[in-house]
Amino acid sequence: MVDMPDILRPSASSRHGEYKVPGGKLVVADLLTRDGLIHSASINGDFFLEPDEVLAEINAALAGLPTDALHATLRDAVAAAVPAGAVMFGFDAGAVAVAVRRALGHATTWGDHDWEILPPVPLPIAEQVALDEVLTREVAAGRRNPTLRLWDWQERSVVIGSFQSLRNEVDPVGARRHGITVVRRISGGGAMFMEPGNAITYSLYLPASLVDGMSFADSYPFLDAWVIEALAGVGVEAFYKPLNDIATPAGKIGGAAQKRLAGGGLLHHVTMSYDIDAEKMTEVLRIGREKLSDKGIASAKKRVDPLKRQTGLDRAQIIDHMMSTFAARYGARRTHLDEASLAAARELAAAKFRTPEWTARVP
(Lines give C-alpha, C1' and ligand atoms only; values in the text may rest on other atoms or scores of the structure.)
Protein backbone atom coordinates (compact mmCIF):
# COMPACT_ATOMS: atom_id res chain seq x y z
CA MET A 1 0.00 0.00 0.00
CA VAL A 2 1.34 3.39 -1.00
CA ASP A 3 1.44 5.87 1.86
CA MET A 4 -0.51 9.09 1.21
CA PRO A 5 1.72 12.17 1.03
CA ASP A 6 1.46 14.38 4.08
CA ILE A 7 0.16 17.31 2.08
CA LEU A 8 -2.82 15.20 0.94
CA ARG A 9 -3.83 13.91 4.35
CA PRO A 10 -7.31 15.14 5.32
CA SER A 11 -6.08 16.52 8.64
CA ALA A 12 -3.32 18.57 7.04
CA SER A 13 -3.89 22.29 6.53
CA SER A 14 -1.84 24.81 4.56
CA ARG A 15 -1.36 28.23 6.15
CA HIS A 16 0.12 31.42 4.69
CA GLY A 17 1.16 34.58 6.53
CA GLU A 18 3.12 37.71 5.62
CA TYR A 19 4.81 40.45 7.64
CA LYS A 20 6.55 43.55 6.29
CA VAL A 21 9.16 44.62 8.83
CA PRO A 22 8.91 48.39 9.46
CA GLY A 23 11.88 49.82 7.59
CA GLY A 24 12.92 46.29 6.64
CA LYS A 25 11.97 43.40 4.40
CA LEU A 26 9.00 41.11 3.74
CA VAL A 27 8.90 37.84 5.67
CA VAL A 28 6.52 35.09 4.49
CA ALA A 29 5.56 31.93 6.36
CA ASP A 30 4.09 28.99 4.44
CA LEU A 31 3.13 26.27 6.91
CA LEU A 32 1.63 22.83 6.89
CA THR A 33 -0.18 22.06 10.15
CA ARG A 34 -1.68 18.85 11.44
CA ASP A 35 -3.14 17.72 14.75
CA GLY A 36 -2.37 21.01 16.48
CA LEU A 37 1.28 21.09 15.43
CA ILE A 38 3.35 22.83 12.76
CA HIS A 39 4.21 19.84 10.57
CA SER A 40 6.53 21.76 8.23
CA ALA A 41 7.53 25.34 7.59
CA SER A 42 8.91 27.34 4.68
CA ILE A 43 10.11 30.81 5.61
CA ASN A 44 10.73 32.99 2.56
CA GLY A 45 10.83 36.62 1.47
CA ASP A 46 13.04 39.38 0.11
CA PHE A 47 15.29 39.48 3.17
CA PHE A 48 19.02 38.66 3.24
CA LEU A 49 20.46 35.70 5.14
CA GLU A 50 24.00 34.35 5.31
CA PRO A 51 24.90 31.55 5.14
CA ASP A 52 22.09 30.08 3.02
CA GLU A 53 21.97 26.90 5.07
CA VAL A 54 20.57 28.77 8.07
CA LEU A 55 17.16 28.99 6.39
CA ALA A 56 16.78 25.20 6.59
CA GLU A 57 17.69 25.36 10.28
CA ILE A 58 15.00 28.01 10.87
CA ASN A 59 12.40 25.89 9.09
CA ALA A 60 13.38 22.81 11.07
CA ALA A 61 13.18 24.73 14.37
CA LEU A 62 9.53 25.63 13.68
CA ALA A 63 8.47 22.08 12.82
CA GLY A 64 6.85 20.33 15.74
CA LEU A 65 5.87 23.47 17.63
CA PRO A 66 2.21 23.77 18.66
CA THR A 67 -0.05 25.92 16.48
CA ASP A 68 -1.02 27.96 19.54
CA ALA A 69 2.61 28.74 20.45
CA LEU A 70 3.15 32.20 21.83
CA HIS A 71 5.16 34.75 19.88
CA ALA A 72 8.02 34.46 22.39
CA THR A 73 8.14 30.67 21.97
CA LEU A 74 8.40 30.94 18.19
CA ARG A 75 10.92 33.78 18.38
CA ASP A 76 13.16 31.94 20.81
CA ALA A 77 13.07 28.74 18.73
CA VAL A 78 14.16 30.64 15.62
CA ALA A 79 16.83 32.58 17.50
CA ALA A 80 18.27 29.34 18.91
CA ALA A 81 18.49 27.90 15.39
CA VAL A 82 20.56 30.80 14.05
CA PRO A 83 24.25 30.17 14.75
CA ALA A 84 26.63 32.82 16.00
CA GLY A 85 28.08 34.77 13.11
CA ALA A 86 25.05 34.33 10.83
CA VAL A 87 23.70 37.55 9.32
CA MET A 88 19.98 38.31 9.21
CA PHE A 89 19.52 41.56 7.29
CA GLY A 90 16.11 43.21 6.99
CA PHE A 91 14.45 40.82 9.45
CA ASP A 92 15.03 38.96 12.72
CA ALA A 93 13.67 36.08 14.75
CA GLY A 94 10.81 38.22 16.02
CA ALA A 95 9.74 39.06 12.47
CA VAL A 96 9.64 35.35 11.59
CA ALA A 97 7.45 34.76 14.64
CA VAL A 98 5.02 37.48 13.55
CA ALA A 99 4.70 35.96 10.07
CA VAL A 100 4.12 32.52 11.58
CA ARG A 101 1.53 33.85 14.03
CA ARG A 102 -0.26 35.57 11.15
CA ALA A 103 -0.26 32.33 9.16
CA LEU A 104 -1.80 30.56 12.16
CA GLY A 105 -4.50 33.19 12.60
CA HIS A 106 -3.28 34.58 15.93
CA ALA A 107 -1.85 37.81 14.51
CA THR A 108 -3.78 39.93 12.05
CA THR A 109 -3.08 42.52 9.36
CA TRP A 110 -4.82 45.79 8.56
CA GLY A 111 -6.57 44.04 5.68
CA ASP A 112 -8.05 41.38 7.96
CA HIS A 113 -10.40 43.95 9.52
CA ASP A 114 -13.32 46.09 8.41
CA TRP A 115 -12.29 49.59 9.49
CA GLU A 116 -14.60 52.46 10.32
CA ILE A 117 -13.94 56.19 10.67
CA LEU A 118 -15.77 58.45 13.11
CA PRO A 119 -15.46 62.09 11.93
CA PRO A 120 -15.01 64.77 14.60
CA VAL A 121 -18.04 65.73 16.69
CA PRO A 122 -17.69 68.45 19.36
CA LEU A 123 -17.99 66.84 22.80
CA PRO A 124 -16.94 67.82 26.34
CA ILE A 125 -13.38 66.78 27.00
CA ALA A 126 -14.37 64.35 29.78
CA GLU A 127 -16.58 62.52 27.29
CA GLN A 128 -13.72 62.41 24.79
CA VAL A 129 -11.45 60.52 27.18
CA ALA A 130 -14.37 58.35 28.33
CA LEU A 131 -15.07 57.40 24.71
CA ASP A 132 -11.51 56.14 24.42
CA GLU A 133 -12.18 53.59 27.14
CA VAL A 134 -15.69 52.70 25.97
CA LEU A 135 -14.79 52.19 22.31
CA THR A 136 -11.60 50.24 23.09
CA ARG A 137 -13.62 47.83 25.22
CA GLU A 138 -16.25 47.49 22.50
CA VAL A 139 -13.59 46.51 19.96
CA ALA A 140 -12.06 44.04 22.42
CA ALA A 141 -15.48 42.45 22.98
CA GLY A 142 -16.18 42.20 19.26
CA ARG A 143 -19.11 44.63 19.41
CA ARG A 144 -17.41 47.22 17.23
CA ASN A 145 -15.17 47.11 14.16
CA PRO A 146 -11.69 48.57 14.57
CA THR A 147 -12.11 52.31 14.34
CA LEU A 148 -10.34 55.61 13.73
CA ARG A 149 -11.97 58.52 15.60
CA LEU A 150 -11.13 62.21 15.22
CA TRP A 151 -11.69 64.47 18.22
CA ASP A 152 -13.28 67.90 18.46
CA TRP A 153 -13.99 70.04 21.54
CA GLN A 154 -15.15 73.53 22.52
CA GLU A 155 -13.66 73.97 25.99
CA ARG A 156 -10.12 74.92 26.95
CA SER A 157 -8.60 71.75 28.31
CA VAL A 158 -5.57 69.94 29.58
CA VAL A 159 -5.50 66.15 29.28
CA ILE A 160 -2.82 64.58 31.45
CA GLY A 161 -1.35 61.11 31.09
CA SER A 162 -2.51 58.24 33.26
CA PHE A 163 0.65 58.25 35.40
CA GLN A 164 1.43 61.97 35.57
CA SER A 165 1.33 63.94 38.81
CA LEU A 166 -1.47 66.52 38.70
CA ARG A 167 0.41 69.07 40.78
CA ASN A 168 3.64 68.60 38.84
CA GLU A 169 1.94 69.08 35.47
CA VAL A 170 -0.74 71.72 35.96
CA ASP A 171 -0.42 75.22 37.43
CA PRO A 172 -3.76 75.68 39.25
CA VAL A 173 -3.55 79.48 39.15
CA GLY A 174 -3.00 79.54 35.40
CA ALA A 175 -5.67 76.89 34.86
CA ARG A 176 -8.27 78.92 36.78
CA ARG A 177 -7.30 82.17 35.06
CA HIS A 178 -7.74 80.68 31.61
CA GLY A 179 -10.79 78.55 32.42
CA ILE A 180 -9.05 75.22 31.81
CA THR A 181 -10.82 71.90 32.35
CA VAL A 182 -8.33 69.26 33.50
CA VAL A 183 -8.97 65.55 32.88
CA ARG A 184 -6.84 62.42 33.12
CA ARG A 185 -6.87 59.81 30.33
CA ILE A 186 -6.31 56.05 30.62
CA SER A 187 -3.13 55.96 28.51
CA GLY A 188 0.34 57.07 29.55
CA GLY A 189 2.40 59.83 27.99
CA GLY A 190 2.49 63.56 28.52
CA ALA A 191 0.05 66.40 29.02
CA MET A 192 -1.95 67.82 26.11
CA PHE A 193 -2.90 71.51 26.04
CA MET A 194 -6.08 71.69 23.97
CA GLU A 195 -7.93 74.87 23.11
CA PRO A 196 -10.64 74.70 20.43
CA GLY A 197 -8.97 74.49 17.03
CA ASN A 198 -5.38 74.43 18.29
CA ALA A 199 -4.56 70.74 17.83
CA ILE A 200 -5.49 67.67 15.82
CA THR A 201 -6.22 64.60 17.91
CA TYR A 202 -7.26 61.13 16.84
CA SER A 203 -7.70 57.73 18.46
CA LEU A 204 -7.38 54.24 17.02
CA TYR A 205 -9.31 51.37 18.61
CA LEU A 206 -8.05 47.97 17.48
CA PRO A 207 -7.58 44.36 18.52
CA ALA A 208 -4.19 43.62 20.03
CA SER A 209 -3.76 40.92 17.36
CA LEU A 210 -2.80 43.68 14.90
CA VAL A 211 0.41 44.34 16.84
CA ASP A 212 0.93 40.76 18.02
CA GLY A 213 4.58 40.21 18.89
CA MET A 214 5.59 43.81 18.20
CA SER A 215 7.50 45.81 20.75
CA PHE A 216 5.99 49.10 21.84
CA ALA A 217 8.77 50.85 19.92
CA ASP A 218 7.79 49.08 16.68
CA SER A 219 4.04 49.38 17.18
CA TYR A 220 4.00 53.20 17.30
CA PRO A 221 5.34 53.87 13.78
CA PHE A 222 3.44 50.82 12.49
CA LEU A 223 0.10 52.23 13.66
CA ASP A 224 0.87 55.75 12.45
CA ALA A 225 2.34 54.97 9.02
CA TRP A 226 -0.91 56.18 7.46
CA VAL A 227 -0.68 59.61 9.12
CA ILE A 228 2.91 60.08 7.94
CA GLU A 229 1.54 59.44 4.44
CA ALA A 230 -1.34 61.87 5.03
CA LEU A 231 1.02 64.61 6.23
CA ALA A 232 3.21 64.14 3.17
CA GLY A 233 0.10 64.67 1.07
CA VAL A 234 -0.35 68.17 2.54
CA GLY A 235 3.32 69.09 2.25
CA VAL A 236 4.63 68.13 5.70
CA GLU A 237 7.86 66.10 5.80
CA ALA A 238 7.10 64.04 8.91
CA PHE A 239 8.84 61.05 10.44
CA TYR A 240 8.78 59.02 13.64
CA LYS A 241 11.27 59.81 16.39
CA PRO A 242 11.46 56.99 18.97
CA LEU A 243 9.69 56.24 21.13
CA ASN A 244 6.46 58.06 20.41
CA ASP A 245 7.11 61.43 18.77
CA ILE A 246 6.09 62.60 15.30
CA ALA A 247 8.65 65.12 14.09
CA THR A 248 9.69 67.22 11.11
CA PRO A 249 13.08 68.75 10.25
CA ALA A 250 11.88 71.83 12.17
CA GLY A 251 11.11 69.85 15.34
CA LYS A 252 8.45 67.81 17.08
CA ILE A 253 4.84 68.28 15.97
CA GLY A 254 3.06 65.56 17.92
CA GLY A 255 3.15 62.62 20.27
CA ALA A 256 1.40 59.27 20.62
CA ALA A 257 0.27 57.20 23.60
CA GLN A 258 -1.16 53.71 24.06
CA LYS A 259 -3.19 51.65 26.47
CA ARG A 260 -3.53 47.88 26.12
CA LEU A 261 -6.52 46.45 27.95
CA ALA A 262 -6.59 43.00 29.51
CA GLY A 263 -9.48 41.97 27.25
CA GLY A 264 -7.37 42.29 24.10
CA GLY A 265 -8.26 45.81 23.00
CA LEU A 266 -5.69 48.47 22.24
CA LEU A 267 -6.07 52.25 22.34
CA HIS A 268 -3.59 54.31 20.34
CA HIS A 269 -3.96 58.06 20.11
CA VAL A 270 -2.05 61.02 18.82
CA THR A 271 -2.17 64.77 19.32
CA MET A 272 -0.45 67.08 16.84
CA SER A 273 0.05 70.83 17.15
CA TYR A 274 -1.93 72.92 14.69
CA ASP A 275 -1.86 76.44 16.20
CA ILE A 276 -1.05 76.49 19.91
CA ASP A 277 -0.77 79.64 22.03
CA ALA A 278 2.63 78.86 23.53
CA GLU A 279 2.55 81.66 26.09
CA LYS A 280 -0.77 80.48 27.49
CA MET A 281 0.44 76.91 27.52
CA THR A 282 3.42 77.83 29.70
CA GLU A 283 1.06 79.56 32.14
CA VAL A 284 -1.10 76.46 32.41
CA LEU A 285 1.46 73.65 32.24
CA ARG A 286 4.31 73.78 34.72
CA ILE A 287 6.72 72.18 32.26
CA GLY A 288 5.44 74.09 29.25
CA ARG A 289 8.76 75.84 28.59
CA GLU A 290 10.62 72.52 28.66
CA LYS A 291 8.11 71.05 26.21
CA LEU A 292 8.77 73.93 23.83
CA SER A 293 12.52 73.37 23.84
CA ASP A 294 12.35 70.49 21.34
CA LYS A 295 10.06 72.45 19.04
CA GLY A 296 12.66 75.10 18.26
CA ILE A 297 10.69 77.88 20.01
CA ALA A 298 13.05 80.34 21.63
CA SER A 299 10.33 82.42 23.27
CA ALA A 300 7.03 81.41 24.80
CA LYS A 301 5.43 84.56 23.39
CA LYS A 302 4.78 82.80 20.10
CA ARG A 303 2.48 80.19 18.66
CA VAL A 304 3.42 76.57 18.05
CA ASP A 305 1.79 76.23 14.64
CA PRO A 306 3.74 73.70 12.56
CA LEU A 307 0.74 72.24 10.73
CA LYS A 308 -0.90 75.60 10.06
CA ARG A 309 2.38 77.20 8.97
CA GLN A 310 3.71 74.29 6.91
CA THR A 311 0.47 73.50 5.08
CA GLY A 312 -1.35 76.82 4.84
CA LEU A 313 -4.55 74.78 5.24
CA ASP A 314 -7.44 75.06 7.63
CA ARG A 315 -7.51 72.46 10.39
CA ALA A 316 -10.70 70.95 8.93
CA GLN A 317 -9.00 70.49 5.56
CA ILE A 318 -6.10 68.59 7.13
CA ILE A 319 -8.49 66.37 9.10
CA ASP A 320 -10.50 65.60 5.98
CA HIS A 321 -7.32 64.67 4.11
CA MET A 322 -6.29 62.41 7.00
CA MET A 323 -9.61 60.59 6.93
CA SER A 324 -9.44 60.21 3.15
CA THR A 325 -5.89 58.81 3.36
CA PHE A 326 -6.91 56.28 6.02
CA ALA A 327 -9.96 55.25 3.98
CA ALA A 328 -7.93 54.78 0.79
CA ARG A 329 -5.15 52.87 2.52
CA TYR A 330 -7.27 50.47 4.59
CA GLY A 331 -10.66 50.41 2.85
CA ALA A 332 -12.31 52.17 5.78
CA ARG A 333 -15.77 53.74 5.63
CA ARG A 334 -17.00 56.82 7.42
CA THR A 335 -19.82 56.28 9.87
CA HIS A 336 -21.29 57.98 12.93
CA LEU A 337 -21.14 57.50 16.67
CA ASP A 338 -24.12 55.50 17.90
CA GLU A 339 -26.24 56.73 20.78
CA ALA A 340 -25.55 53.67 22.94
CA SER A 341 -21.78 54.24 22.90
CA LEU A 342 -22.22 57.96 23.50
CA ALA A 343 -24.54 57.31 26.43
CA ALA A 344 -22.04 54.86 27.91
CA ALA A 345 -19.31 57.49 27.58
CA ARG A 346 -21.45 60.10 29.30
CA GLU A 347 -22.08 57.74 32.20
CA LEU A 348 -18.40 56.86 32.47
CA ALA A 349 -17.40 60.53 32.31
CA ALA A 350 -19.68 61.29 35.25
CA ALA A 351 -18.68 58.23 37.28
CA LYS A 352 -14.93 58.38 36.61
CA PHE A 353 -13.36 61.04 34.44
CA ARG A 354 -15.02 64.08 36.06
CA THR A 355 -14.29 62.90 39.61
CA PRO A 356 -11.46 64.37 41.68
CA GLU A 357 -10.57 60.82 42.77
CA TRP A 358 -9.60 59.90 39.21
CA THR A 359 -8.15 63.23 38.11
CA ALA A 360 -5.93 63.45 41.20
CA ARG A 361 -5.22 59.74 41.53
CA VAL A 362 -1.57 60.69 41.17
CA PRO A 363 -1.63 63.91 43.24
Side-chain angles (χ1 to χ4, degrees), residues 17 67-72 98 101-121 123-151 159 161-163 183-189 201-216 218-220 222-224 226 256-270 323 326-327 329-355 357-358 361:
T67 54
D68 61 354
L70 297 177
H71 177 274
V98 172
R101 291 272 294 178
R102 286 185 173 180
L104 296 171
H106 304 306
T108 56
T109 70
W110 291 93
D112 291 327
H113 304 285
D114 294 323
W115 290 88
E116 296 181 0
I117 300 172
L118 295 175
V121 175
L123 292 171
I125 204 68
E127 292 177 20
Q128 295 282 6
V129 294
L131 270 172
D132 272 358
E133 181 169 339
V134 168
L135 299 185
T136 304
R137 294 191 184 281
E138 288 181 358
V139 169
R143 299 193 302 271
R144 170 178 295 279
N145 288 330
T147 301
L148 165 69
R149 181 175 72 90
L150 281 299
W151 292 30
V159 181
S162 180
F163 309 107
V183 296
R184 182 186 297 274
R185 62 182 186 268
I186 63 171
S187 60
T201 296
Y202 65 84
S203 297
L204 280 171
Y205 314 106
L206 56 133
S209 61
L210 186 61
V211 295
D212 181 85
M214 291 188 193
S215 67
F216 275 92
D218 286 340
S219 70
Y220 279 97
F222 173 76
L223 293 175
D224 286 328
W226 68 275
Q258 286 185 9
K259 175 66 176 181
R260 304 189 183 197
L261 301 183
L266 189 152
L267 162 66
H268 176 90
H269 68 76
V270 168
M323 291 190 292
F326 190 89
R329 185 169 176 135
Y330 302 126
R333 59 185 178 88
R334 298 191 191 190
T335 183
H336 64 277
L337 186 63
D338 59 284
E339 285 300 321
S341 297
L342 184 55
R346 287 170 177 157
E347 291 180 9
L348 188 59
K352 177 178 180 178
F353 291 101
R354 285 196 176 99
T355 66
E357 292 79 15
W358 170 258
R361 77 184 188 100

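The figures that follow rest on heavy atoms only: side chains count, while hydrogens, waters and symmetry mates do not. Numbers here are sequence positions counted from 1.
Side chains of His269 and Ser187: a donor-acceptor N/O pair is present below 3.5 angstrom, by distance only. Side-chain contact annotation: Asn145 with Tyr205, donor-acceptor N/O pair under 3.5 Å absent.
The minimum heavy-atom distance between Val211 and Ser219, with the atom names listed, is CG1-CB, 4.0 Å. Pairing each heavy atom of Asp68 with each of His106, the nearest pair is CA-NE2, 3.6 Å. Between Val121 and Gln128, the closest heavy-atom pair is O-NE2, 3.7 Å. Scanning both residues, Ala103 and Gly17, for their nearest heavy atoms gives CB-N, 3.4 Å. Between Leu348 and Ala130 the shortest heavy-atom distance is CD2-O, 3.9 Å. Of all non-hydrogen atoms in Ala126 and Arg354, the two that sit nearest each other are CB-CG, 3.6 Å.
Using a cut-off of 4.0 Å between Lys/Arg side-chain N and Asp/Glu carboxylate O, Arg137 and Glu133 are scored as salt-bridged. Between Glu138 and Arg143 there is no salt bridge, since none of the side-chain N atoms of the basic residue sits less than 4.0 Å from a carboxylate O of the acidic one. For the pair Arg333 and Asp114, the salt-bridge criterion is not met [side-chain N within less than 4.0 Å of a carboxylate O].
Side-chain atoms of Trp358 come within 3.5 Å of backbone atoms of Arg184 as a donor-acceptor pair (strictly under, hydrogens ignored).
Screening Arg149, Arg185, Lys352 for a salt bridge (Lys or Arg N to Asp or Glu O under 4.0 Å) involving Asp132 leaves a single residue, Arg149. Of the candidates Val139, Asp112, Thr136, Pro207 forms a side-chain contact (heavy atoms from CB on, under 4.5 Å) with just one, namely Val139.
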Next on the checklist: Pair Leu223, Leu266 - check side chain to side chain contact (heavy atoms under 4.5 Å, CB included), show working.
Outcome noted: CA-CA 11 Å; Leu223 293 175; Leu266 189 152; 4.1 Å; yes
Item to check | Pair Leu118-Arg334, side chain to side chain contact (heavy atoms under 4.5 Å, CB included): steps then yes or no | outcome: CA-CA 6 Å; Leu118 295 175; Arg334 298 191 191 190; over 6 Å; no
Item to check | Verdict with supporting geometry, Arg101 and Ser209, side-chain hydrogen bond (donor to acceptor under 3.5 Å, both in side chains) | outcome: CA-CA 9 Å; Arg101 291 272 294 178; Ser209 61; over 6 Å; no
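Looking at heavy atoms from C-beta onward, Val129 lies out of side-chain contact with Ile186 at the 4.5 angstrom threshold.
Every residue two or more places apart in sequence or in another chain was checked for a salt bridge (charged side-chain N to carboxylate O under 4.0 Å, His left out) with Arg260, and none qualifies.
A distance below 6.0 Å separates the ring centres of Phe326 and Trp115. Ring pair His113/Tyr330: centre-to-centre distance not below 6.0 Å.
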